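Below: one structure, written as structure tokens.
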Amino acid sequence: MTMLASQLQEYKRRRRQLMRSMEVGSIAVLPSAAEVTRNNDTFYPFRQNSSFYYMTGFNEPDAVMVLVPGRPQGEFSLFCRDRDVEREMWDGRRAGPEGVVEHYGADDAFPIDDMDDILPGLLEDRDRLFYTMGQDASFDKSLLGWVNQVKANARKGVSAPNEIVSLEYLLHEMRLIKTRAELQIMRKAAKISCQAHERAMRACKPGMFEYELEAELLYVFNQHHSPPAYTSIVGGGENANILHYIENNAELKDGDLVLIDAACEYKNYASDITRTYPVNGEFSQAQRELYEIVLESQLAAIDMAEEGNHWNDPHDAAVKVLTKGLLETGILKGKLSQLIKDKAYMPFYMHRTGHWLGIDVHDVGDYKIDQEWRLLENGMCMTVEPGLYIRPMRGVPKRFHNIGIRIEDDVVVTAKGPEVMTAGIVKTVDEIEALMAS
Ligand code: GLY
Ligand code: MN
Ligand code: MN
């Protein structure tokens, strides 16, 4: 893969920004993901470490990024697999050290097999090592070994880093605010996922199996070379009330709803969409009543995804509308403000209203700063995904039993207000019924 000049510049800007945040005399070390065995000698499809990808755009395993601000021979070094005619014939192409200099903007590059010899030298005379411990025990051990190796050479007049600082924090704060280039990719991921949902919605009919509907989504993802960002959830009827239902092996019944939480990852950026609709194309009265409540709560929550609001404001707005709806349908009884205070909605709405979205579907970034919900800023991406899940319970009108509904969209906070990146797939009762009838 070769990068466009504009992409090279984007990654370079990120590395520069990170190096500016590290103090003078520092070094950062960030390993790539490794291949993961599925069984015997076959592997899961390779997925790059998200932060490594964010900093380099390099999509091979067995690589390590090293940043040394101010290093005269070059600040960005990349260790990677060496070229190997035999291995490349079996396993696929490799960029090799020369390739990463030519195509990925590395100032300096070394074969990964030479790391034992070269990395200690890069650590010499650096005061501070930025590295995230605890993600790869074997790399942690190697790195501490190299630091100790430098320490052992103190008599030669070199010094080793005496402080290890978590690299994660700086990287996560950067990743939380999306750049224009990232937003373009995320809009594309959202668009593909909308097309996939539309295809499934059009195909849906009683008697199909949940996995057949999943196949409709996967077809569109694959058409765009965009794997699922997470395992698809396709739950008919009461299966919608199992939040992480992934068996997807039941028959879809006439008169039931189906909840689909599925979306793709495009160029390593996730989208995340949920739609819930009637298997036969027409909402029953009870389904419609609950659906309208969830939709109203979702619209109220999206409206709160405004610059300067707190992270929790969309959740509070959703909870208010949902609780009011539960009261009006007779599922809850009491006074609205007290029910909200007592979290009486929890048996029917037990999850949060969203999460950050980016290279990871549950993306990185703190939700609180100094124990307070953080303020929303331009460029933050999040999901807005309220729901109602009504299991058979005493006191709950029977006509609502076993109905599970969630509506989830992807939103970016902009100076002009919330932008719904997943607006391409219908969600009102009338729109859904019209599309399924066409
Ligand atoms: N699909 C995962 C989630 O909605 O958080
Ligand atoms: Mn989500
Ligand atoms: Mn989801």
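Residues: numbered from 1 along the sequence shown. Just so it is clear, the model here is predicted, and its values are computed rather than measured. Atoms within each ligand, like the ligands themselves, are counted from 1 in listed order.
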- Message: Within the 4.5 Å heavy-atom criterion, are His197 and Leu217 side-chain neighbours or not?
- Response: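 The answer is yes; the side chains approach within 4.5 Å.
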- Message: Between Arg406 and Asp261, is there a side-chain heavy-atom distance shorter than 4.5 Å?
- Response: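 Counting from C-beta outward, Asp261 and Arg406 do come under 4.5 Å.
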- Message: Suppose we only allow N, O or S atoms; which atom of Glu385 ends up nearest to the Mn ion (ligand 2)?
- Response: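 Per the distance ranking, Glu385 contributes OE2 as its closest N/O/S atom to the Mn ion (ligand 2).
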- Considering the options Thr422, Thr274, Thr353, which one meets the side-chain hydrogen bond (donor to acceptor under 3.5 Å, both in side chains) requirement together with Glu408?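 For Glu408, the side-chain hydrogen bond (donor to acceptor under 3.5 Å, both in side chains) test succeeds with only one of Thr422, Thr274, Thr353, which is Thr274.
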- Message: Please give me the minimum heavy-atom distance between Phe400 and Glu289, naming the atom from each residue.
- Response: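 Distance-wise, the nearest heavy atoms are CZ-OE1, 3.6 Å.
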- Angle at the Mn ion (ligand 2) (to 10°), with one arm to OD2 of Asp272 and the other to OE2 of Glu408: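 The two atoms form an angle at the metal of about 80°.
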- Do Tyr53 and Asn59 meet the criterion of a side-chain donor-acceptor pair at a distance under 3.5 Å?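 Short answer, no.
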- Query: Any non-hydrogen atom of Val361 lying under 4.0 Å from ligand 1?
  - Reply: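 Checking ligand 1 against Val361, which is what was asked, there is no heavy-atom contact under 4.0 Å.
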- Item | the Mn ion (ligand 2) contact by His355, N, O or S atom under 2.8 Å |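 Here the distance criterion (N, O or S atom, under 2.8 Å) is met by His355, so yes.
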- Task: Give the numbers and elements of all ligand 1 atoms closer than 4.0 Å to a heavy atom of Glu408.
- Result: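 Listed by number with element: 4 (O).
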- Task: Provide the number and element of each atom of ligand 1 under 4.0 Å from a heavy atom of His362.
- Result: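 The list of qualifying atoms is 2 (C), 3 (C), 5 (O).
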- Using 4.0 Å as the upper bound for N to carboxylate O, is an ion pair formed by Asp113 and Arg81?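 Salt bridge flag = no for Asp113 with Arg81.
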- Query: To which protein heavy atom is atom 3 (C) of ligand 1 closest, and what is the distance rounded to 0.1 Å?
  - Reply: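 Ranking protein heavy atoms by distance from atom 3 (C) of ligand 1, first comes Asp272 OD2, 3.3 Å.
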